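Contents: one structure, followed by commentary.
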Amino acid sequence: MLGRFKDTVKDLSDNVKSAVAKKELDEDTLDPLLEQMRLKLLQSNVSMEAAEQIEAQIRESLLGEEVKRTAVEETVNQAVKDALLEILDDGYDFYSELETVEKPPVVFLIGFNGSGKTTTAAKLAKQLDDRGMDTVLGAGDTFRAASIEQLKEHGDALGKKVIAHEYESDPAAVGYDTVEHANNNDKVALVDTAGRSHSDQNLMDELKKMVDVNEPDITFLVIDALAGNDIVEQADAYEGMFDAIIVTKMDVDDAGGAIISISQKSGKPVAFLGNGQGYDDIEDFDKEKFVEQILE
Ligand SMILES: Nc1nc2c(ncn2[C@@H]2O[C@H](COP(=O)(O)OP(=O)(O)O)[C@@H](O)[C@H]2O)c(=O)[nH]1
Ligand SMILES: [Mg+2]
């Protein structure tokens, strides 16, 4: 009898404890925490669109959930972390992808002006060289002043052949000759292209023609980490045209929110991060490490 009474008392006190210990995540609790998270993301240069979508997604998954009173913040933080990890693809193994291509592979670098395409082409040539693969560089930007000389300088410094035509000439023909050289000499063709913007319809048409003629096996979209809200526009402009992303200038903007914006918008993996102007200033993208950093 006394035993049962004790049990009842215990049950009651457990109920009271859990009512005190648990908290429903209502709007009043969530809003300030989500607001804080959104600011953090915006400060890290995540685009407004991506930050708002992440916030909406987390609100939907957490609203009405019951959590331990002491674990409210932890729960929100974990949800943010999970959301970011979900947005980010697992990465892209360029070197394995190259092995899946039968003929000498054709790699394109596309992206807006100044995003770092030419520099990154040179960095990739160096990386491939380090792995015993020879490359030929194609000066497919026949539009921007000095772009051909810039690539030739890199080619000279790295001891790599550069295929170039005149300025204003057809970039698809440059690509064609580059691919031919790669085929004849068993090299990887790395083809640079002119920086396009959405409004340059001619340049966009030229790029599409290059893709049709040169049939790249792997196309990288090169994005500048400082691009902020412009990422959305860039992802739209090149939608469906790239396999993976390279985010440059991470040494200047190490917050790297651009990585989240472009991943969220495109659903494509980030392959590499550029972190300087030297040939070795490029690293594989590690999403776990990146998410830890951004939430610090
Ligand atoms: N700090 C830094 N600068 C970079 C990086 N990648 C490219 N750049 C610089 O950004 C500028 C534009 O690069 P470029 O390759 O010419 O861009 P493109 O117009 O896309 O070909 C150049 O001054 C590069 O040296 C990087 O990872 N870090
Ligand atoms: Mg260039």
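We count ligands from 1, going down the list as the structure has it; atoms in each ligand are counted the same way. The shown structure was predicted, so the numbers you read here are calculated from the model rather than taken from an experiment.
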Closest to atom 11 (C) of ligand 1 (heavy atoms only, candidates Gln150, Lys249, His154) is Lys249

State plainly whether the residues Lys68 and Glu74 are in salt-bridge range, i.e. N to O under 4.0 Å. no

protein heavy-atom neighbour closest to atom 26 (C) of ligand 1 works out as Gly276 O, 3.1 Å

Of the backbone and side-chain N, O or S atoms of Thr118, does one lie nearer to the Mg ion (ligand 2) than 2.8 Å? yes

Report the nearest protein non-hydrogen atom to atom 15 (O) of ligand 1: residue, atom name, distance rounded to 0.1 Å. Thr119 OG1, 2.6 Å

Does a side chain donor of either Glu73 or Asn77 reach within less than 3.5 Å of an acceptor in the other side chain? no

Any N/O of Thr118 closer than 3.5 Å to an N/O of ligand 1? yes

Give a yes-or-no answer on whether the side chains of His165 and Asp170 include a donor-acceptor pair shorter than 3.5 Å. no

Asp224/Thr248 under side-chain hydrogen bond (donor to acceptor under 3.5 Å, both in side chains): CA gap, chis, key distance, verdict: CA-CA 5 Å; Asp224 176 339; Thr248 65; 4.8 Å; no

Can you tell me the protein heavy atom closest to atom 28 (N) of ligand 1 and the distance? Asp251 OD1, 2.8 Å

Determine whether Pro171 and Thr193 make a side-chain contact, defined as any pair of heavy atoms from C-beta on separated by less than 4.5 Å. no

min-distance protein heavy atom vs atom 12 (C) of ligand 1 -> Gly114 O, 3.6 Å

side-chain hydrogen bond (donor to acceptor under 3.5 Å, both in side chains) between Lys161 and His181, intermediate numbers included: CA-CA 9 Å; Lys161 171 105 180 146; His181 177 93; 5.3 Å; no

